[in-house]
2 protein chains.
Amino acid sequence: MNPQFKKGVLELCVLTAVKNKESYGYELVETISKHIKITEGTIYPLLRRLTREGYFETYLKESTEGPPRKYYRLTTKGREFRTALAREWQDLVEGAARLLKG
Amino acid sequence: MNPQFKKGVLELCVLTAVKNKESYGYELVETISKHIKITEGTIYPLLRRLTREGYFETYLKESTEGPPRKYYRLTTKGREFRTALAREWQDLVEGAARLLKG
DNA sequence: CACAGTACCTTGCTAAGCAAGCTACCACAT
DNA sequence: ATGTGGTAGCTTGCTTAGCAAGGTACTGTG
């Protein structure tokens, strides 16, 4: 899969996944990679960036299956951002579809 | 529009536009920007790259409305590449759609 | 104790979009 | 002749995100 295609959409996918269900990083890698080929090296830096930019807040939770998990939760700002991003993505997909239909 | 979203798709759009109709750069900017917001600074370097990589061949044609136009035509290699890219794009859009539906 | 699975993280590279800037041709008006 | 706007091509420098490859550390099982 051309990595260029993914630029930006993953951000939307992560925001949406967390919106639907508060998750930790490793879990997101598993969930998302079922549909789009990605690795940890993509997701972890992305989660940090989105948190730094105020779209996520985090909390730690113990686990019996390994080290503590860092959960991500959407902030209000994150919710608004996600909505705007979803619309932009939709616009692009539709614009491209018109062009590709000929 | 998030510029990251466009990474890669524009390549497919340009290849497809030229496949449907041999065109010159300025014309492609006008055609494509009707559906996706782009500028010359994106298209011209892209056309040069795709030509360098053997997906396009070019020829000049005089114009009464200004300087000569550089037309682009798909090569066989370009045709195959476009088909593969179209499939990858479709896969990504479908993968993202599944994730975004929840 | 070793190993596999879980869970987090970083560094360095690469690629593409694009604002801003440039040159030059043509037609038409001043 | 001078200027202006449309046509047509091009480049430089910046920014950004994906990701391979590497690392740390916890838990339970053989």
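What you see below is based on every heavy atom in this structure, not just the backbone, and it leaves out hydrogens, waters and symmetry mates. Please read all numbers here as calculations on a predicted model, not as lab measurements. Reminder, nothing fancy here: chain letters follow the sequence lines and each chain counts from 1.
Following rounding to the nearest Å, A/Glu53 (CD) and D/dA17 (P) show an atom-to-atom distance of 7 Å. Rounded to a whole Å, the CD atom of B/Glu27 is 14 Å from the C1' atom of D/dG9. The nearest whole Å value for the distance from the CD1 atom in B/Ile43 to the P atom in D/dT7 is 17 Å. What separates CG of B/Leu60 from C1' of D/dG9 is a distance of 10 Å, to the nearest Å. Look at CG on A/Leu46: it is 6 Å from P on D/dG18, rounded to the nearest Å. Atom-to-atom, CZ of A/Arg49 to C1' of D/dT16 comes out at 8 Å; the value is rounded to the nearest Å. Computed from coordinates, the A/Lys37 NZ to D/dC19 P distance equals 8 Å when rounded to whole Å. B/Glu30 has its CD atom 9 Å from the C1' atom of D/dT7, to the nearest Å.
Between A/Leu60 and A/Tyr71 there is no side-chain heavy-atom pair separated by less than 4.5 Å. Two residues are said to be in side-chain contact when any heavy atoms from C-beta on lie closer than 4.5 Å; A/Tyr26 and A/Tyr44 meet this criterion.
In the region residues 1-15 of chain A, proximity to DNA chain C at under 4.0 angstrom, judged on heavy atoms, holds for A/Gln4.
When the side-chain nitrogen and oxygen atoms of A/Thr39 are compared with OP1 and OP2 of D/dG18, none of them lie within a distance under 4.0 Å. Using a 4.0 Å cut-off, no side-chain N or O of B/Thr42 falls inside it from OP1 or OP2 of C/dA16. Look at B/Tyr44 and you won't find any side-chain N or O under 4.0 angstrom from OP1 or OP2 of D/dC10. Taking only side-chain nitrogens and oxygens, B/Tyr24 comes nearer than 4.0 Å to OP1 or OP2 of D/dA8. Look at B/Lys61 and you won't find any side-chain N or O under 4.0 angstrom from OP1 or OP2 of D/dA8. Contact annotation: A/Arg48 side-chain N/O to C/dT10 OP1/OP2 distance is under 4.0 Å. A sub-4.0 Å separation between OP1 or OP2 of C/dC8 and a side-chain N or O of A/Tyr26 is absent.
At distances below 3.5 Å, not a single donor-acceptor pair connects side-chain atoms of B/Thr58 with backbone N or O atoms of B/Tyr72. Not one N or O on the side chain of A/Lys7 forms a donor-acceptor pair closer than 3.5 Å with the backbone of B/Gly8. The main-chain N or O of B/Gly54 is found under 3.5 Å from a side-chain atom of B/Thr75 such that the two form a donor-acceptor pair.
Here the closest non-hydrogen pair linking B/Val9 and A/Ala96 is CG1-CB, 4.1 Å. When every heavy atom of B/Gly78 is checked against every heavy atom of B/Leu15, the shortest pair comes out as O-CD2, 4.5 Å.
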Between protein and nucleotides 23-25 of chain C, what N or O pairs are separated by less than 3.5 Å?
none

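Nearest-nucleotide mapping onto DNA chain D: of A/Ile38 and B/Gly25, the residue sitting toward the 5' end is B/Gly25.
Side-chain atoms of A/Arg69 lie closest to C/dA7 of the nucleotides C/dA7, C/dC9, D/dA8. Candidate nucleotides C/dC9, C/dA7, D/dA8 were compared by shortest atom distance to the side chain of A/Ser63, and C/dA7 ranks first.
No salt bridge links B/Arg69 with B/Glu27; every basic N to acidic carboxylate O contact stays at or beyond 4.0 Å. At a threshold of 4.0 Å, the pair A/Arg49-A/Glu11 counts as salt-bridged, since one of the basic side-chain nitrogens sits closer than that to a carboxylate oxygen.
No donor-acceptor contact under 3.5 Å links the side chain of A/Glu40 to the base of D/dC19.
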